[in-house]
Structure formats: structure tokens, C-alpha cells
Novice: 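A single structure is presented below for examination.
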Number of protein chains: 2
Amino acid sequence: MLNLNHVQAFIAVIETGSFRGASRRLSQAQPTLSQWIRKLESELDCPLIVRNNQRCQPTRQGQMFLPYARSLIQVASQVKQRLAGKQVVIGAASNIGIYILPEKLKQLAIDKQENIRIDLVIGTNPDMVDKLESGEIDIAAMEWWDNRPGFEAHPWLNEQLVIIVPPDHPWSSRQSISLDELALAPMLGGERGTGTGTRLRQLLDEDAQRLKVSQNLGSTEAVKRAVMAGLGISMVAQSAVTDELAAQRLCALTLNNTSLNKQLYLVAPTNLPEQSPTRRILNELTQPDPKLQTC
Amino acid sequence: MLNLNHVQAFIAVIETGSFRGASRRLSQAQPTLSQWIRKLESELDCPLIVRNNQRCQPTRQGQMFLPYARSLIQVASQVKQRLAGKQVVIGAASNIGIYILPEKLKQLAIDKQENIRIDLVIGTNPDMVDKLESGEIDIAAMEWWDNRPGFEAHPWLNEQLVIIVPPDHPWSSRQSISLDELALAPMLGGERGTGTGTRLRQLLDEDAQRLKVSQNLGSTEAVKRAVMAGLGISMVAQSAVTDELAAQRLCALTLNNTSLNKQLYLVAPTNLPEQSPTRRILNELTQPDPKLQTC
DNA sequence: ACACGTTACGGCAACCGTAAGGATT
DNA sequence: AATCCTTACGGTTGCCGTAACGTGT
């Protein structure tokens, strides 16, 4: 089995360009480095480094090995950080992770005060469930939760959904429209996984059949571009189009007599120690935001 | 530094549910396993396994550690395979990797005869350049090559581009159209990265200005769906729509007096040993395909 | 002559296995 | 009583450092 000290030695030799330099970096006697590299080469059964007095360079196999080596060392050191509570990983269902969380995480105080690193992993809602259970993430930001044991969901943001139309659309100067009007417009559907697209059908029940929906352009970005290009209108989370609204590349409308919104949750394991970094980040995030954004 | 034997022991204990089972799987004395796990726990400075006569289970930290542990072991064993030439990694620019290569790789004889595993990595064209240089992939399938030293490009497939329209489109029964007609139609652009979308502009020079192109729906899949939904027409690689053409969910046309195609290349390091698996896969792929597909 | 990598070798620590001990069913 | 994990302890391995040896500039 590979020895990670040897792997690290390999990286050090390549990066410093010499065995001596690597021995200094790793605080080891230089012959030890020779020995370690030789061990590694015999373990992998191929030469990794071309020895040279001026500059040691990787062989072709060494080059192939290098990215794997870095990955091994990085994972090994990261997992220590993680288990020591120095790193907290937050998972987010796609749109939340892309449009909302990066801003929220910037505002967190904890990672600056102490030396805690926060990582963000983006996936689908079902991904989040798996990753929570496997321990891959500490907190999940998602659109629903099925109350499975061992975890608890905290209501978080209540996301406003808006109907978006291009600036040259006849409705662009209006603030809201009726359901009947909406039924006549060509509607571009968001991807099904995130729920944004399906939310409308939920609300409208059998009326949904009347909507001209052309499904699944693949991503919210694709939907936005299609709407901007005048291919139709759509409904998306307001947070996904703040930039475009500000730049007046899109216009947002609401529905008459119907509030369109979507509750978001933060999910984390139960029984988190009160002072653990994960718990404190969770607390910071769920504290009510002083500035409520209204359209 | 983490010891991969200990990490593997951890996985074995979790998977078998007992120290004894793990000791059998790893052909070690049982007290050795106790020792290894204890070492691991002291290295990571937290308990990983709840000991129990019936079933040993991971602690919360153990659960967090598990995916990292698996990743470490997997990378470590994969890299051995790779350096031994038992694994060849092929990279492909997105559409090639999605629509063309999986079929081609199925036809390869080498991986069945010998025990060679072929992996496919999908990325953008610039990704492929990086991954080739870093040794992450052995062969790249892409749409251009800049003749950088150390690598050689082999012309591979010459991909036919077609104009796609929905079955209920007025052109759906025709075989080809003129440039003037095309200029009047709403054209959905493929993503820029893959070159499919920009290829048309190259060919048409200043005429391109006349095309009504609404750019970037994000992916070829999104473009196909948009065309099927009647939002417009587009131009894509024929290989990307073979299924839809067969199912008559889309119709393909060519341009009058203009051949639309795109040369694809296989790129690999120079000086590959003649009998190396990588070289042999390269040879198999570049051998002219006996059955030429025409529309 | 100098700087670098390799080889040789010895002391020492770590490792692994055997045997005995404690806990749970 | 049987099964399982832990502890205790000894022999062996293999690791790391010092010193001496090639080699290229």
C-alpha cells in the first residue's frame, strides 16, 4: 500500500527540483528522501523522477502520478481539518448554491474570526440527502426535507418566485398579470429537479393543463437566456434574476391574487454540540435577516 | 501522516461490521486490527468506531471520515492500475464525449481481450489541453489542436453538421435549404465552447450578421429540446441527433452548395511505446471506420 | 572543489503476532 | 460457555540518520 509520506516526498522533490530541497522542506535527512522515492518507485513499479544534479524532473509516469499524488495529500490533510472542526462543508441544491448561498457565506463572521474554512458543494436536492447521510456535508440548504431521523430541518429563507419577461414584451411595464393571461403565453419551464418549474403546476391544479409549457431547457441559466432572446416567458426564483432585473435585461411580474413562493430549509444532524462550528454557522444563517428584500 | 493500511482497515471494519471480519478480509491477526484502528483514531484525534460485540458502527466522525477514506483508497489503487498501463483515461470535449465516444469505446476490442479499463472524462476543449499536460488523461478527443510540443494530433472523424427543424416545420420534408432562407429563420445557437454554434458564422463571414441568432441556451440538449418545442431551428452535429432523427422527433437538412462539417482530432503524447495500451487504443480508434454513416 | 544523489551500515523504534484478560450475550 | 474486543509483551522488521562513496559542473 502507498505510503503518504513517500507521496508527499515525491511532490516535494518535483516542486523544489531537488532531493536536497525536498529534504529541507520536510525536515528529513537527504538520504531518507532517496530511500522514500525509491520505495515509492518500487511500490508503483516504474521510475518517477529523472535524477539530475541541476534539476530533477518527473518521468512521463511521474507526470501522470503527480495529480493523483496531490489529490491524495490534499484529501488526507483536508479530512484532518474537517474532523477537527476546522472545516465545515455546506451542500446546496443547485439554484440555492449558485444564486443565494455565496452571498450569505460572505457575510458569515465565523470564518474570519477563527480559522475555519467553509466549503460549498452544489448538487441536486436528492444528492443533498445522500451527502448528509454519508457525512460528506455538514449542512444542506434545500427545498424540502422528509423528516428522516437523525437530522433536523430549520426553516430558512422564503424565496419569492417571479414571472420573467423580456424588456420588449408587452407586459414589461406591468406589475402583475392574471392566471388567464398567463395561460395564453408560451411558458419556458425551469428544470424539474429544482422544483421551481413544478411549483406553478402545483398551485394551479387542473389549470396547469392550459399552460403552454415547453419543458426543461436544462438549467435556469438556459431559461433566462431563452427569455432574454424573446423565445417566451418563464417563472424563476427572484434571487436568480436580481442582476438581470437591475440591468433591465429582464422584467419581473407577480400573479394577481396568488403569492408565489418557495420555502427553503437548512438541514443538519441533530445533537450537534452547541459550540461546534457547524452549529454556530447554522445559528448565524438562521438568524432572521435584518434587511428583507421586497420587489 | 495518515497510513493507508489503517484507512483500509477502517473501511473493512465498517463494511464487515466487526474487527474479526476485517482481520479475515485483510489477512491480519485480529489484535493488529485493534491496533490499526487505534492508531488511526489517535492520528485523527477522535473516535471513529463504536465497538460492539454484535456490530461495530461508525461514530458521527467515522461517518464523516468514510467517504474520504474510500476516496483515498480508490485513488491509491487506481493510480497503480494507471501506471501499470491497466487503465487508460480518455478525455473528450463535451459533445464528443456525450454523443460519439461512448459508442466508439464500446467497439474497442482491447479492453475485453486484456484486462484494461478505459475511463472517459468529459470537459471543455481547453480543459483537455490542461489535462493532457498534467497527465490526467492519456488521449484527448477534441475539435482543434495548437501543435504544442510533446503531443501529436491525429485527424479522426469528420463530423457532419446539420440544420434541425421540428417535424411540423414547413421545411421538414425538404432535404436542403439556401442560405437566404436560413437567414430569415429564428436560429437557436449552440453553446460557444464546442464550436458548433460558431462554425456557421465562420463559414458565412459577413453574411453571419444577417442570421437571427439567439445565443447560448447552455447545452446542446437544451437546444434540441427548444427546437422540438418549436421555439426555433438550430444547427448541431449530426451525431448529437441520431436518436431524435430516427424517432422523427426532429428533421435534418443541409445547406445548398455548402458542406458543413467539423474535423475532430485525437491528441496524445509523442513517443508512446508502440505496444503500450494507450498507443494501441489510439491505433484502433484512428483506423478508418468500415461503415460510413450517411444521412 | 563543490554540490548533489547514492550506497553502506548500525541503532532504534514501530510493527505484528501470540497469549491472556474482560465484557457481553 | 462462546464470541468478540482489548491489553500485555516479545521477536522481528524495517525505518531513519551518519558516514563514506560516485558523478557532473
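Side chains are part of it too, since the values below use all heavy atoms of this structure and drop only hydrogens, waters and symmetry mates. Letters A, B, ... are given to chains in the order of the sequence lines, protein chains preceding strands, and every chain is numbered from 1. Bear in mind the structure is a predicted one, so any value in this text is a computation, not a measurement.
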Novice: Which angle, rounded to 10°, do you find between the first-five-pair axis and the last-five-pair axis of the helix from dA1(C)-dT25(D) to dT25(C)-dA1(D)?
Specialist: 30°
Novice: Is it true that atom CG of N271(B) has more than 12 heavy atoms of other residues, nucleotides or ligands lying nearer than 6.0 Å?
Specialist: no
Novice: Considering only heavy atoms, which members of residues 19-36 of chain A lie under 4.0 Å from some atom of DNA chain D?
Specialist: Q28(A), A29(A), P31(A), T32(A), Q35(A), W36(A)
Novice: Could you tell me the separation between the CD atom of Q54(A) and the C1' atom of dC2(C), rounded to a whole number of Å?
Specialist: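 Rounded to the whole Å, the gap is 13 Å.
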Novice: Take the protein atom CG of N53(A) and the nucleotide atom P of dC4(C), then report the distance between them rounded to whole Å.
Specialist: 8 Å
Novice: I need the minimum non-hydrogen distance between E133(B) and R148(B), along with the two atoms involved.
Specialist: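 For E133(B) versus R148(B), the nearest heavy atoms are OE2-CD, 3.1 Å.
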Novice: Rounded to the nearest Å, what distance is computed from the NZ atom of residue K39(B) to the P atom of nucleotide dA13(C)?
Specialist: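 So the two atoms are 14 Å apart, to the nearest Å.
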Novice: dT13(D) P sits how many Å from N5(B) CG, rounded?
Specialist: 18 Å
Novice: Assess whether a salt bridge exists between K80(B) and D45(A), defined as any Lys/Arg side-chain N lying under 4.0 Å from an Asp/Glu carboxylate O.
Specialist: no
Novice: Quickly work out the R38(B) CZ to dC16(C) C1' distance and round it to whole Å.
Specialist: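 R38(B) atom CZ is separated from dC16(C) atom C1' by 13 Å.
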Novice: How would you list, by chain and number, every residue that makes a salt bridge (Lys or Arg N to Asp or Glu O under 4.0 Å) with R38(B), sequence neighbours excluded?
Specialist: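 Scan of R38(B) (salt bridge (Lys or Arg N to Asp or Glu O under 4.0 Å), adjacent residues dropped) gives none.
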Novice: How long is the line joining CD1 of I37(A) and P of dC15(D), in whole Å?
Specialist: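 So the CD1-P distance, I37(A) to dC15(D), works out to 14 Å.
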Novice: Can you check the E43(A) CD to dG14(D) C1' distance for me, whole Å?
Specialist: 15 Å
Novice: Please state how far atom CZ in R55(A) lies from atom P in dG5(C), giving the value in whole angstrom units.
Specialist: 11 Å
Novice: Identify whether the distance between the nearest side-chain nitrogen and carboxylate oxygen of E15(A) and R25(A) falls below 4.0 Å.
Specialist: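 Looking at R25(A) together with E15(A), the answer is yes, because their closest N to O distance falls below 4.0 Å.
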Novice: Quick one: is R51(B) getting a side-chain N or O under 4.0 Å of the dC4(D) phosphate, OP1 or OP2?
Specialist: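 So the side-chain polar atoms of R51(B) never come under 4.0 Å of the phosphate oxygens OP1 or OP2 of dC4(D).
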Novice: State plainly whether the residues E114(A) and K86(A) are in salt-bridge range, i.e. N to O under 4.0 Å.
Specialist: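 No.
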Novice: Just checking, any donor-acceptor pair under 3.5 angstrom between side chains of Q87(A) and D119(A)?
Specialist: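 A donor-acceptor contact under 3.5 Å links the two side chains.
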Novice: Hey, could you give me the CE/CD distance between M64(B) and E136(A), rounded to the nearest 0.5 Å?
Specialist: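 Reported to 0.5 Å precision, the distance equals 11.0 Å.
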Novice: Hey, is R51(A) close enough to E41(A) for a salt bridge, meaning N to O under 4.0 Å?
Specialist: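 Salt bridge between R51(A) and E41(A), a charged N being under 4.0 Å from a carboxylate O: yes.
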